[in-house]
Each structure stands twice: as C-alpha cells, then as structure tokens.
Amino acid sequence: MLDIRNVTITNREDNRCIIKEFNFTLNRGQKAVIIGEEGNGKSTLLKFIYDKTLIEDYCDYTGQVTSGVRCGYLKQEADEEWLKMSPAEYLKEVDIYSIRDENIWAFNPDPVMIASEDPIKNLSGGERVKLQLLKLLADEPDVLLLDEPTNDLDIGSLTWLEDFINRTDKPVLYVSHDETLIEHTANVIIHLEQLKRKTEPHYSVSYMSYDEYKNQRSSSLAKQEMTARKQREEYEDKMDRFRQIYDKVEHQQNAITRANPAGGRLLKKKIKSLKSQEKRYEKEKDDFLEIPDTEDAILYDFPDTIKIPRGKRIIEFKLGELKVGEGTEERILSQDIYLRVMGPEHIAIIGDNGTGKTTLLRKIAAELLNRTDIKAAYMPQNYEEVLDYKKTPIEFLTTSGQKEDITKAFTYMGGMKFTRDEMEHTIGELSGGQKAKLILLKMILEGVEVLILDEPTRNLSPLSNPVIRGVLASYKGAIISVTHDRKYMEEVAEKLYKLTEKGLIEKLK
C-alpha cells in the first residue's frame with residue numbers, strides 16, 4: 001500500500017548520511033515501528049514520507065514514495081499556534097462524525113472536550129492525541145504515520161493508544177520509545193542504526209514481534225561474535241606456527257656458507273614458497289566474519305561505595321496543598337501530601353496527566369538538594385534546568401580540570417557510544433536521549449546517594465532503556481522518581497505511589 005524506494009537522506013549541516021538506500025513496503029494489517037538511537041533519522045524519515053518539503057531546510061534526499069496514498073501524520077512537536085487554538089476551532093473544517101473507523105469511537109472521546117473553546121494547551125497529553133487522531137481520521141487517510149505518540153501520556157492514555165493501534169484496520173508506521181507499547185502492537189520492526197562511530201547508516205526490517213526481534217538479534221549477534229573471534233584465534237595460532245617455521249628457514253639461509261650453493265638454492269625456494277603461503281593466509285582474513293558493530297550503549301554502574309543504611313530516613317515530606325498558577329489562575333491539585341522514604345528505597349510516583357507530579361517532585365528536590373548530610377542530584381524533564389547548553393559534555397562532566405578526571409569522562413562517554421565530535425561540541429547539539437545519558441553519567445561520576453528523576457527514560461531508545469533500567473535497579477542509593485514507563489515501574493521501582501486530589505496513595509505492585 002505504501003511503497004518507499006531507494007531513499008537516501010543526508011543531514012546538510014554535518015554532511016552525514018543518516019539513511020541510505022532505504023526500501024520498505026507497508027501493507028494492510030501491518031503495524032510497523034521504527035526504532036533506533038536519537039539522531040538516526042526516525043522522525044526525519046516519517047516527515048519525508050508524509051511531505052518531503054518538511055525536511056528541505058536541513059536535509060538533501062533522493063528516493064521515492066508511492067503517490068496517491070493519503071497519509072495521516074501525527075507530528076512529535078506541538079507548536080505554539082496549535083496549543084493556542086481551541087478543540088472546536090481545530091476541528092471546525094472537518095466532520096468528525098463521518099469517521100468510518102469505529103475504533104476511535106470505541107474509546108469514547110469526550111464530547112465536551114471536542115466542543116470546548118478553551119485552549120488545547122489546557123488538555124492532557126492523552127486528550128491531545130485523541131483530538132489529533134480525530135482530525136486525521138476525518139480526512140480518511142489510507143495510512144497513519146505517528147511520531148512519538150506516547151510522549152506525556154499517562155497509563156490510561158497509553159493503554160487506550162495501544163488498543164487503538166491494534167484495532168484500527170489502517171496500516172500504521174510509527175516511532176516510539178515506549179517498549180511496552182511496541183511489544184503490544186508492532187508486527188514489523190524497522191531498526192535504523194549508525195555504525196562505525198556513526199559514519200555508516202544501516203537498517204534492517206524484521207517481520208516479527210518486538211520480543212522475537214530482540215531474542216533473534218541477541219542470538220544472532222552472539223553467534224556472529226563467537227564465530228568471528230574463533231576465526232581470529234585460529235588464524236593467530238596458525239600464523240604463530242608459520243612465523244616459527246619462517247624464522248627457522250631464514251636463520252638457516254643466513255648461516256649457510258658459499259661452499260654449499262645447492263643448499264642455498266634450496267633455502268631460497270623454501271623462502272619463496274613460504275612467502276606465497278603467507279599471502280594465501282592474508283587473503284583468508286578477507287572472508288572473516290566481522291565482530292558485530294552495534295549502537296547498544298554501555299552505562300557504567302554507580303560506585304560500590306554508595307551505600308545508604310537500610311532504615312536511614314531520607315526524607316519525610318509533608319505538604320498541606322499542592323498548587324499551580326497564581327492569583328485568579330491558582331488551582332489546588334492535591335491536599336494532605338505525605339511521603340516518607342527510608343534507606344535505599346526506590347520509589348516511583350505515578351498518576352494521570354495534570355495531577356501535579358512534576359510540581360511535587362520539584363518541591364521534593366528543592367528540599368533534598370539543600371541537605372548537607374546526603375548527596376542528592378536532580379534530573380528534570382526540561383534538561384536545560386541542569387545543563388548549560390553552551391558547554392561541551394566534557395566541561396559539564398569535569399569541573400576539576402585534572403587529567404585523570406578528563407580521561408575517565410572520555411572513557412565513560414565512549415562506552416555510551418558518544419563520538420569524539422559529540423564530546424567536544426556543545427551540549428545543545430545533543431539529542432534528548434544523549435542529554436539524559438549525560439546527566440546520569442554525571443551522577444555516576446559524582447557518586448550521588450539520592451537520585452531525583454522526572455521521567456528518566458522518556459527520551460531513551462527501546463534498546464538503551466533496558467541498560468539504563470538495569471543500572472538504576474542495582475543502584476545502592478535511594479531513588480525518588482516520576483514515571484509513566486511501565487517497564488520502569490516493574491523493574492526499578494520497589495514502591496509505587498499514585499498522586500491524587502487527596503494526596504499520595506501507595507499502590508500494590
């Protein structure tokens with residue numbers, strides 16, 4: 001239905017090819033997810049498919065997309081003009097009640113919300129996605145293109161979106177970092193990678209579930225690496241034996257006297273034969289399997305010296321009213337909030353959009369960051385609150401200026417697949433996922449005892465997220481976090497608290 005042929009896209013700013021000779025056909029019934037690290041061209045590819053002019057300002061491209069296919073495109077960024085519009089104004093030029101896809105109505109979009117004259121910015125993340133889907137479907141597209149539709153969605157909205165993707169009869173091509181959504185919906189996995197220190201674009205298309213893809217990929221990479229290393233070991237053993245023989249013949253040739261010309265000729269023939277054999281051995285290397293080159297990140301563990309005694313009181317936080325806004329715009333979101341965190345507990349605060357989770361976490365962070373008896377650090381949703389975008393990553397990570405600290409920072413960033421250019425360019429040029437990793441790396445290098453994390457996994461790829469979760473799950477300090485990530489709740493959080501109008505309520509895991 002949607003045919004994409006020989007697409008090559010080059011980022012004009014650094015002349016880096018991000019997608020090379022990409023070919024794919026999306027057919028009815030397929031729900032295809034595009035995965036990969038930030039900066040690999042996932043959103044750029046979706047824009048190209050929908051409307052080439054959207055990338056003309058920063059990319060050069062070649063290739064074709066089937067003409068005549070109507071695509072409905074849900075973009076990642078919400079622009080200011082759209083947020084100022086009301087739902088009624090946004091939908092006024094379409095007849096949403098003519099939508100034939102019954103699945104959108106199966107989830108009961110709120111008619112009050114649809115007709116509202118209030119700005120869209122007042123809606124929750126889930127309501128914004130439903131509103132956009134209503135308009136897209138009213139235009140009767142053949143294909144849905146969704147760019148990070150899960151951003152800022154609460155658990156209820158995420159479940160709704162999963163059901164919609166599964167139930168709609170339209171083929172869907174989407175980008176997402178949400179592993180659970182991918183596991184529950186995708187039947188085609190498109191993996192975009194940048195290999196060889198981000199100099200060689202590579203892609204694969206696998207017609208299977210995400211769980212099957214991960215297992216197959218892991219098994220295939222392990223088998224390839226084992227075979228490649230065995231080939232190299234056997235080659236080195238063979239070359240060691242060859243060099244011993246060659247050195248022996250060469251020694252005999254150097255020691256032979258002029259009185260034995262026949263022996264000299266024989267040794268010359270042996271040397272010539274051995275050199276021919278050496279060339280054959282060298283050619284064998286051309287057939288060796290490559291040791292797998294992937295983008296899979298390594299995040300170093302926190303130091304073993306971080307140990308908070310079990311039972312030590314980290315914080316006992318009380319707040320009578322949680323408010324937002326000022327003057328006549330002031331609203332009370334929650335009351336009688338109480339939170340006690342003991343020892344090395346890992347807790348996560350969950351809740352519906354708009355309940356004030358981020359506002360609450362900021363207040364908790366303000367109290368903990370002022371403490372002198374513990375070492376705390378804060379990762380906000382807006383990374384600019386803790387990052388100076390004009391600095392380089394190395395400048396951010398090393399304040400001492402000592403050579404040993406700088407070398408360590410370079411080593412750690414290299415393990416996380418940062419290139420030398422990315423280490424030395426400004427932080428503002430990094431992707432959201434790279435900025436998140438940078439903040440976590442700073443916490444590791446400084447040996448922080450209490451982590452305050454607001455949606456720590458929201459910008460990380462599905463392949464980086466398990467690595468990050470593993471490091472956080474094994475962390476010996478305390479974690480106080482806000483999340484919508486269902487994998488994070490399961491693997492990292494030991495206790496869950498839901499923020500409601502009546503305060504924090506502990507939820508059973």
Side-chain angles (χ1 to χ4, degrees), residues 1-76 136 141-149 170-177 182 185-210 212-213 216-217 220-221 224 289-290 292-295 417 419 431 461-463:
M1 180 174 283
L2 179 66
D3 200 32
I4 305 157
R5 285 284 165 258
N6 300 319
V7 172
T8 296
I9 301 176
T10 303
N11 189 312
R12 200 176 296 133
E13 184 178 356
D14 56 9
N15 198 35
R16 182 168 64 93
C17 183
I18 54 177
I19 293 169
K20 185 177 181 181
E21 297 177 4
F22 179 83
N23 291 280
F24 176 64
T25 300
L26 182 70
N27 293 306
R28 185 173 297 279
Q30 290 180 336
K31 311 297 165 68
V33 64
I34 306 174
I35 64 170
E37 298 297 324
E38 288 297 316
N40 285 5
K42 303 184 299 294
S43 294
T44 299
L45 178 59
L46 273 191
K47 289 176 183 176
F48 173 86
I49 294 167
Y50 178 67
D51 180 358
K52 298 180 181 65
T53 63
L54 294 176
I55 68 169
E56 284 182 347
D57 288 345
Y58 64 96
C59 286
D60 295 320
Y61 57 81
T62 58
Q64 297 295 324
V65 178
T66 315
S67 59
V69 175
R70 293 173 58 86
C71 293
Y73 171 58
L74 191 153
K75 61 184 178 180
Q76 184 180 153
L136 292 184
D142 302 308
V143 172
L144 292 177
L145 308 176
L146 312 178
D147 194 359
E148 292 289 359
K170 299 182 186 303
V172 182
L173 179 61
Y174 67 97
V175 173
S176 180
H177 288 155
I182 294 171
T185 60
N187 54 24
V188 182
I189 312 298
I190 302 170
H191 190 173
L192 302 184
E193 295 185 272
Q194 289 283 324
L195 306 179
K196 297 183 180 177
R197 307 303 291 174
K198 300 187 179 180
T199 61
E200 185 177 298
H202 176 266
Y203 80 91
S204 63
V205 179
S206 304
Y207 296 88
M208 60 185 68
S209 72
Y210 186 58
E212 290 172 322
Y213 174 71
Q216 184 187 80
R217 180 174 185 266
S220 176
L221 289 174
Q224 181 181 334
L289 283 176
E290 288 189 10
D293 178 18
T294 71
E295 285 190 305
K417 302 296 185 180
T419 66
S431 69
S461 78
L463 293 171

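Scope of the values below: all heavy atoms of this structure, side chains included, with no hydrogens, waters or symmetry mates. Values in this document were obtained by computation on a predicted structure and should not be read as measured data.
- A 6.0 Å sphere centred on NZ of Lys20 holds no more than 12 heavy atoms belonging to other residues, nucleotides or ligands.
- Going from atom CZ of Arg28 over to atom NZ of Lys170 covers 8.0 Å, rounded to the nearest 0.5 Å.
- Residues Asn23 and Tyr203 come closest through the heavy atom pair N-OH, 3.1 Å.
- A donor-acceptor pair is defined here as one N or O able to donate and one able to accept, closer than 3.5 Å; such a pair exists between the side chain of Thr66 and the backbone of Asp3.
- Between atom NE2 of residue His191 and atom OG of residue Ser461 there is a gap of 7.0 Å, rounded to the nearest 0.5 Å.
- The line from CG of Asn15 to CG of Asp60 is 8.0 Å long, rounded to the nearest 0.5 Å.
- Between Ile4 and Phe22, the closest side-chain pair of non-hydrogen atoms falls below 4.5 Å.
- In this structure the side chain of Asn6 never reaches within 4.5 angstrom of the side chain of Thr62, judged on heavy atoms.
- Inter-residue side-chain proximity for Tyr213 and Ser204 is flagged as met; some heavy-atom pair is nearer than 4.5 Å.
- Summarising the geometry of Leu45 relative to Ile19, their closest heavy-atom pair is CB-CD1, 3.6 Å, with the distance given to 0.1 Å.
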Notebook entry, point to check: When you look at Arg5 and Thr25, which way does the side-chain hydrogen bond (donor to acceptor under 3.5 Å, both in side chains) test go after all the steps?
Noted result: CA-CA 8 Å; Arg5 285 284 165 258; Thr25 300; 3.2 Å; yes
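- Under the 3.5 Å distance criterion, the side-chain polar atoms of Lys31 are left unmatched by any main-chain donor or acceptor of Ile182.
- Counting heavy atoms from C-beta on, the side chains of Leu463 and Arg217 come closer than 4.5 Å.
- Between Pro201 and Cys17, the shortest heavy-atom distance links the atoms CG-O, 3.5 Å.
- Rounding to the nearest 0.5 angstrom, the gap separating the OH atom in Tyr210 from the OG1 atom in Thr185 is 11.5 Å.
- Put simply, the side chain of Leu144 does not reach to within 4.5 Å of the side chain of Leu74, judged on heavy atoms.
- For the atom pair NZ (Lys52) and SG (Cys59), the distance works out to 13.5 Å, reported to the nearest 0.5 Å.
- For the residue pair Arg12 and Glu56, the shortest heavy atom distance occurs at NH2-O, 2.8 Å.
- Closest heavy-atom contact between Glu21 and Thr8: N-OG1, 2.9 Å.
- Within the model, atoms CD1 of Ile34 and CG of Leu145 stand 8.5 Å from one another, a figure rounded to the nearest 0.5 Å.
- The closest donor-acceptor contact from the side chain of Asp142 to the backbone of Val69 lies at 3.5 Å or more, if one exists at all.
- In this structure the side chain of Tyr73 reaches within 4.5 angstrom of the side chain of Lys47, judged on heavy atoms.
- Minimum heavy-atom separation, Pro141 to Leu136: CD-O, 3.0 Å.
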Item checked: Asn187 and Gln30: CA distance, side-chain angles, deciding distance, side chain to side chain contact (heavy atoms under 4.5 Å, CB included) verdict -> CA-CA 6 Å; Asn187 54 24; Gln30 290 180 336; 4.0 Å; yes
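- In this structure, Gln64 places its CD atom where only 12 or fewer heavy-atom neighbours from other residues, nucleotides or ligands lie under 6.0 Å away.
- Counting non-hydrogen atoms of neighbouring residues, nucleotides and ligands closer than 6.0 angstrom, the OH atom of Tyr50 reaches no more than 12 such neighbours.
- Panel note: side chain Gln194, backbone Ile18; a donor-acceptor pair is recorded below 3.5 Å.
- Ile190 has its side chain within reach of Leu173: a pair of non-hydrogen atoms, C-beta onward, lies under 4.5 Å apart.
- Taking 4.5 Å as the limit, every side-chain heavy atom of Thr44 sits out of range of all side-chain heavy atoms of Tyr61.
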